[in-house]
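Letters go in sequence order (proteins before strands), and every chain restarts at 1.
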Amino acid sequence: VITYTTLIDGFCKKGRVWEGLVLVAKMIRDGCHPDTVTYTILIDGLCRVGTVDLGLRLLAQMRLVACFPNIVTYNSLIDGLCKEGRIHESLEVVAKMIQDGWPPNKITYTILIDGLCRVSMVDLALGLAAQMRHVDCSLDIITYNILIDGLCKVDRVEEALELADEMTRDGCFQDIITYSNLIDGLCKVGRVDSAFRLIAEMRHADCSPDIISYTALINGLCKEGRVHEA
RNA sequence: UGACGUGUAUCAA
């Protein structure tokens with residue numbers, strides 16, 4: 001089972017879910033029965049290629065063969081729905097998972113926060129983040145980065161910068177993604193010079209800018225007409 | 001021995 005499942009995961013990670021499905025058929029013929037992990041990988045793969053509805057169908061099918069979803073299965077579906085902007089349905093899945101005995105974990109929360117940010121519902125995202133603490137899921141660097149990016153994308157760069165300070169106080173070190181988010185946000189509100197300063201600060205923080213950080217900055221310069229500096 | 005969460009640009013619609 002594990003050998004087959006590993007291969008299926010390989011296909012899914014390459015966006016070749018279809019071949020993964022073919023392989024499941026083969027493993028069954030071989031007398032190996034797909035388990036929860038196998039199904040979860042396929043559901044996740046289907047979600048990634050933009051076919052969440054097929055993922056939901058596969059969820060129904062796995063139950064028929066007495067294979068039951070776990071938290072990863074649910075998280076994969078919630079992420080798929082969120083990435084399509086289907087927040088309402090993702091919350092329905094959350095309700096189901098709770099009924100099913102799987103309370104949301106840190107990843108569930110982070111997925112939802114990301115989903116809310118993607119549809120610009122940043123205040124709700126911040127609210128969820130506050131709620132996370134109450135169920136003693138601490139925010140980690142990924143959650144912080146998502147919120148910082150969300151704030152930047154709605155031009156609330158000042159709040160994003162404050163949150164970046166807060167994450168440091170909280171013991172999460174800003175990484176290359178945090179900085180890139182801020183640089184991009186600053187550029188988009190026309191504060192290219194502050195973005196420049198952040199690039200310098202990155203080196204001091206032992207976090208060298210990469211191609212993405214530079215692209216954000218160069219783009220900002222170009223949009224300002226500062227092509228030469230770019 | 002196997003599964004889930006974060007960043008830039010361009011083009012497209």
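- Side-chain to base pairing of A:Thr6 with B:G2: no donor and acceptor N or O lie closer than 3.5 Å to each other.
- Remark: nothing in residues 84-97 of chain A comes within less than 4.0 Å of RNA chain B through any heavy atom.
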query: When you check every protein heavy atom under 4.0 Å of nucleotides 6-13 of chain B, what one-letter string (B, S, -) results, 5' to 3'?
result: BBBSS---

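- Looking only at side-chain heavy atoms (C-beta outward), A:Cys207 and A:Gln174 stay at 4.5 Å or farther from each other.
- For the pair A:Trp102 (side chain) and A:Pro69 (backbone), a donor-acceptor distance under 3.5 Å is present.
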field: A:Tyr144 vs A:Leu163, side chain to side chain contact (heavy atoms under 4.5 Å, CB included): CA-CA, chis, key distance, verdict
entry: CA-CA 8 Å; A:Tyr144 276 114; A:Leu163 192 57; 4.0 Å; yes

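- Using a 4.0 Å cut-off between charged nitrogen and carboxylate oxygen, A:Arg118 and A:Asp149 do not count as a salt-bridge pair.
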message: Go through it in stages, so that I can follow the logic: the residues are A:Phe173 and A:Met167, the test is side chain to side chain contact (heavy atoms under 4.5 Å, CB included), and I'd like the CA-CA distance, side-chain angles, deciding distance and then a yes or no.
response: CA-CA 7 Å; A:Phe173 292 107; A:Met167 78 185 264; over 6 Å; no

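- Applying the salt bridge (charged side-chain N to carboxylate O under 4.0 Å, His left out) test to residues at least two apart or on different chains, the pairs with a partner in residues 214-230 of chain A are A:Asp193-A:Arg226, A:Arg226-A:Glu229.
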- request: Mind running salt bridge (Lys or Arg N to Asp or Glu O under 4.0 Å) on A:Arg86 and A:Asp53 for me, showing each step along the way?
  value: CA-CA 11 Å; A:Arg86 295 161 66 175; A:Asp53 293 300; 2.9 Å; yes

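- Defined by atom type and a distance below 3.5 Å, a donor-acceptor pair is present between the side-chain atoms of A:Thr178 and A:Asn145.
- Summarising the geometry, the separation between CG on A:Leu81 and P on B:G5 is reported as 15 Å, rounded to the nearest angstrom.
- Within residues 61-72 of chain A, the residues approaching RNA chain B are A:Asn70, A:Val72, by heavy-atom distance under 4.0 Å.
- Per the geometry, CZ belonging to A:Phe11 stands 17 Å off P belonging to B:A3, to the nearest Å.
- Side chains of A:Ser76 and A:Asp79: a donor-acceptor N/O pair is absent below 3.5 angstrom, by distance only.
- Here the C1' atom of nucleotide B:A3 and the CG atom of A:Leu7 are 14 Å apart, to the nearest Å.
- Across the protein-nucleic acid pair, A:Trp102 atom CH2 and B:C4 atom C1' stand 13 Å apart, rounded to whole Å.
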task: Decide side chain to side chain contact (heavy atoms under 4.5 Å, CB included) for A:Leu151 and A:Leu126; before the verdict, give the C-alpha distance in whole Å, the side-chain angles of both, and the deciding distance to 0.1 Å.
output: CA-CA 10 Å; A:Leu151 285 165; A:Leu126 289 165; 4.3 Å; yes

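- Screening residues 167-184 of chain A for salt bridge (charged side-chain N to carboxylate O under 4.0 Å, His left out), with sequence neighbours left out, gives A:Asp184-A:Lys188.
- Spacing between atom CG of A:Asn105 and atom P of B:C4 amounts to 13 Å, rounded to whole angstrom units.
- A:Asp165 CG: more than 12 foreign heavy atoms inside a 6.0 Å radius.
- For the segment residues 26-42 of chain A, residues with any heavy atom less than 4.0 angstrom from an atom of RNA chain B are, sorted by number, A:Asp35, A:Val37, A:Thr38, A:Thr40, A:Ile41.
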- request: In sequence, state the C-alpha distance, the side-chain angles, and the governing distance for A:Ile8 and A:Cys12, and then conclude on side chain to side chain contact (heavy atoms under 4.5 Å, CB included).
  value: CA-CA 6 Å; A:Ile8 292 167; A:Cys12 288; 4.2 Å; yes

